[in-house]
Q: 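I have a structure here, written as structure tokens, and I will follow up with some questions on it.
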Amino acid sequence: MTEMLISGKLAVRVVICLAVLVVVMCLCAVVGTQEISLKKVFAGPGEKPGENIDYEIFVGVRLPRVILAALVGAALACSGVILQAILRNPLADPYILGISSGAGLGVITAVISGVTWSFWGGSPMAVFAFAGAIGTVWLVWCIGRFTGKSQVTSLLLAGVVINAFFSAVIMFLTSIAKSDQLRLTIYWLMGNITEKSLSVLGVSAGCIIAGIFALFCISHRLNVLTLGEDEAKGLGVDTTRTRMTAFGFAAFITAIAVSLSGLVGFVGLIIPHGVRLIFGPDHRQLLPVSGIIGGIFLVIADTLARTIFGQEQLPVGVITAIAGGPFFLVLLAKYSRKVSWLK
Amino acid sequence: MSGIIKVENLSFGYRSQEAILKEISFEVIPGTFLAIAGPNGAGKTTLLNLLCGLLSAQAGSINIDAAPIESYSVKELAQKIAVVRQEFVPVFDFTVAQVVSMARTPYLGTFGFESQADKKFVNEALEMTDTAQFRSRPLAELSGGERQRVFIARALAQNTPILLLDEPTAFLDLKHQVGIYDLLKTMQLEKGKTIVAVTHDINLGAQYADVTLLLGADSSYHYGCATDVFSAEQIERVFGVRGFTGRIDHEKFFIPLGKFAKDSSQIDRKPDSST
């Protein structure tokens with residue numbers, strides 16, 4: 001995996017990973033608390049609605065949910081790859097620059113104020129989450145630009161400060177919220193995948209895939225960017241523009257993922273790491289492969305979340321955190337010994 | 001022949017500080033080896049950063065290949081000038097081959113994949129610097145000398161007429177210092193590259209360079225033939241140390257002699273400069 005990357009070889013690997021993703025999605029769509037038979041699913045929808053329940057569960061409930069999980073997983077994993085690259089910090093994740101607290105604040109505002117209007121089929125929670133995420137990222141970017149020349153450090157600091165401040169506001173709002181509102185919010189904060197309408201799914205899929213493609217087009221410049229500002233410029237990379245493009249698209253796909261599923265943790269951290277350990281750090285490969293593996297991971301995690309306790313569904317974020325926490329500790333032990341970042 | 005690098009009345013100072021480079025002018029003929037020497041804080045690295053476009057001049061001008069440096073885009077400039085900085089370890093575990101391939105970034109198309117021609121440049125650079133043997137090893141696992149050769153390989157693969165180096169032999173032992181300079185000289189002679197190296201080692205610098213730029217801490221400078229550096233007054237004025245200058249055949253050298261040197265009588269002994 002350490003040789004120079006050939007586009008043909010990469011294409012083969014991506015296709016293989018995609019095939020695995022499709023197989024996993026199909027398998028997971030069959031699994032559920034309500035048993036369905038594949039044979040009846042393949043028989044088609046039948047003459048009139050309600051005739052073939054198995055088909056309707058498969059196509060109308062399970063498939064959209066599995067697709068949703070794959071999209072969210074892909075977006076978070078890709079966003080993690082990008083943020084680790086532009087911050088030159090292997091411990092960065094999609095939420096490090098304030099997206100999580102911004103979106104959280106948006107959601108709790110929506111829940112407490114009780115707004116009912118929606119936009120493009122998105123629920124008020126989704127719309128507020130998206131607006132909160134994008135707004136916060138923009139704020140962090142502006143503060144980072146404003147405070148210093150060493151953008152990486154000031155971006156990180158701005159992110160940490162904004163995160164802390166918004167978390168405090170979220171705590172305050174949670175403590176004054178009513179208990180039925182609270183449950184909704186807490187589920188959202190833990191990361192929760194639920195069924196979404198097809199139109200929402202379609203628009204989100206389009207946006208996320210377009211965002212990942214745009215990021216893929218600049219991924220060779222990200223390789224150079226990880227060597228540092230001066231080095232990257234010496235190798236002909238316009239660092240400010242590349243960083244801004246990468247940051248913008250990463251924030252965009254993360255905001256969409258967050259508005260779809262709440263704060264699913266650890267996917268954006270552990271998937272890029274795992275893929276980097278196996279396939280090496282070349283971003284032209286790391287980005288697409290992480291996206292697909294992230295999708296696979298979240299599809300499986302979500303299947304566990306909705307089946308493990310029968311009818312009672314767990315938030316998927318609980319599963320990813322339980323799997324991701326120990327993994328993160330191992331990585332921390334491994335990396336803290338030899339990586340000197342932010343030099 | 002006109003200069004590939006032409007600096008005219010260049011001045012630069014960092015914010016709220018007095019200018020550290022004042023009214024500097026010099027011209028580098030294509031295919032020559034220029035060593036930049038001077039005490040700490042004299043602005044050697046600053047000058048290097050100005051020459052590679054990382055900093056912009058406050059007054060005066062820099063021309064690269066007969067065009068003002070500001071007229072180049074980042075990408076265009078990276079096709080003219082390759083820079084080797086003081087060593088560092090990257091955050092992620094890139095291998096030697098991957099790091100050297102990054103040199104081709106200014107030549108890549110939309111999706112950023114290397115063509116066969118790009119790979120040829122990379123392989124040639126690895127061969128020339130004798131680094132092909134550890135092409136698939138992570139950079140972080142190499143020794144300082146090996147790593148420095150990898151960065152020179154990267155600069156070569158960038159296929160630029162100009163090579164800028166910031167203390168390429170810092171932290172290296174004698175053998176590796178000579179090895180790096182041999183390599184640079186070979187690039188100059190075989191590939192016709194223009195080489196500009198910042199160095200603390202005026203002896204090796206003078207041995208290999210054709211011309212030397214001495215930057216003094218008081219913003220004075222001296223530009224001239226490499227062996228002209230070694231007049232005792234010149235060195236004492238620029239570096240603020242006294243020592244012994246001498247020569248063995250064609251090679252001039254300088255040994256600093258401090259207060260506790262075992263043979264401080266040498267300081268006052270005038271070297272025979274007439275031979």
Side-chain angles (χ1 to χ4, degrees), chain A residues 1-11 81 84-92 149 152 213 216-242 272-273 276-277 280-286 334-335 338-343, chain B residues 15 48-49 52-55 72-86 88-116 118-119 122-123 135-141 151 154-155 157-158 160 164 166:
Chain A
M1 309 297 171
T2 49
E3 273 299 307
M4 274 178 270
L5 193 63
I6 303 164
S7 47
K9 212 155 73 180
L10 174 64
V81 168
Q84 287 171 6
I86 56 180
L87 296 176
R88 302 184 61 214
N89 184 342
L91 301 180
K149 187 175 166 279
V152 170
F213 182 76
F216 175 72
C217 291
I218 59 163
S219 56
H220 66 286
R221 294 199 201 108
L222 292 176
N223 281 343
V224 180
L225 207 59
T226 63
L227 301 184
E229 179 96 23
D230 295 355
E231 286 283 322
K233 277 191 186 150
L235 293 168
V237 170
D238 185 337
T239 48
T240 312
R241 217 182 71 191
T242 305
H273 268 297
R276 200 180 285 116
L277 285 175
D282 191 329
H283 287 84
R284 293 169 295 184
Q285 176 165 262
L286 183 60
K334 178 175 150 49
Y335 272 86
K338 65 173 188 186
V339 169
S340 55
W341 51 282
L342 293 181
K343 242 169 49 169
Chain B
R15 258 183 306 187
L48 204 77
N49 284 337
C52 69
L54 214 55
L55 297 172
Y72 290 95
S73 71
V74 183
K75 198 168 170 171
E76 285 164 350
L77 203 58
Q79 299 182 2
K80 292 276 177 206
I81 301 175
V83 191
V84 177
R85 292 177 189 286
Q86 288 181 38
F88 77 109
V89 177
V91 184
F92 300 111
D93 274 346
F94 284 105
T95 64
V96 169
Q98 283 171 333
V99 169
V100 177
S101 319
M102 286 184 200
R104 304 304 299 168
T105 307
Y107 305 93
L108 298 182
T110 323
F111 294 111
F113 285 93
E114 290 93 1
S115 66
Q116 285 306 318
D118 290 322
K119 282 185 184 141
V122 172
N123 287 330
R135 57 181 301 148
S136 42
R137 277 171 55 190
L139 197 63
E141 286 177 13
F151 284 114
R154 195 187 68 188
Q158 211 171 324
T160 55
L164 301 184
D166 194 0

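Throughout, protein chains are lettered first and strands after them, A, B, ... in sequence-line order, and every chain is numbered starting at 1.
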Q: With respect to chain A, which residue among B:Leu54, B:Val74, B:Thr105 yields the maximal number of heavy-atom pairs within a distance under 4.5 Å?
A: B:Val74
Q: Aromatic rings A:His283 and B:Phe92: how do their planes relate, parallel, tilted or perpendicular, breaks at 30° and 60°?
A: perpendicular
Q: Determine the option with the most heavy-atom pairs under 4.5 angstrom with chain A, choosing from B:Ala78, B:Gly112, B:Ala155.
A: B:Gly112
Q: Identify the two heavy atoms, one from A:Thr226 and one from B:Phe94, that lie closest to each other, and give their separation to 0.1 Å.
A: OG1-CE1, 3.3 Å
Q: From A:Asp230 CG over to B:Cys52 SG, what is the distance, rounded to the nearest 0.5 angstrom?
A: 7.5 Å
Q: Could I get the full list of side-chain contact (heavy atoms from CB on, under 4.5 Å) partners for B:Ala103, not counting sequence neighbours?
A: B:Arg154, B:Ala157, B:Gln158
Q: Among the options A:Arg221, A:Lys233, A:Glu231, pick out the one with the most heavy-atom pairs lying under 4.5 Å from chain B.
A: A:Glu231
Q: What part of B:Leu108 gets within 4.5 angstrom of chain A, counting heavy atoms only: side chain, backbone, both, or neither?
A: side chain
Q: Check A:Leu227 against B:Met102 and note the closest heavy-atom contact, atom names and distance.
A: CD1-SD, 3.6 Å
Q: The criterion is salt bridge (Lys or Arg N to Asp or Glu O under 4.0 Å); which residues satisfy it with B:Arg104, sequence neighbours excluded?
A: B:Asp118
Q: With chain B as the partner, which of A:Asp238, A:Asn223, A:Ile218 has the greatest number of non-hydrogen pairs under 4.5 Å?
A: A:Asn223
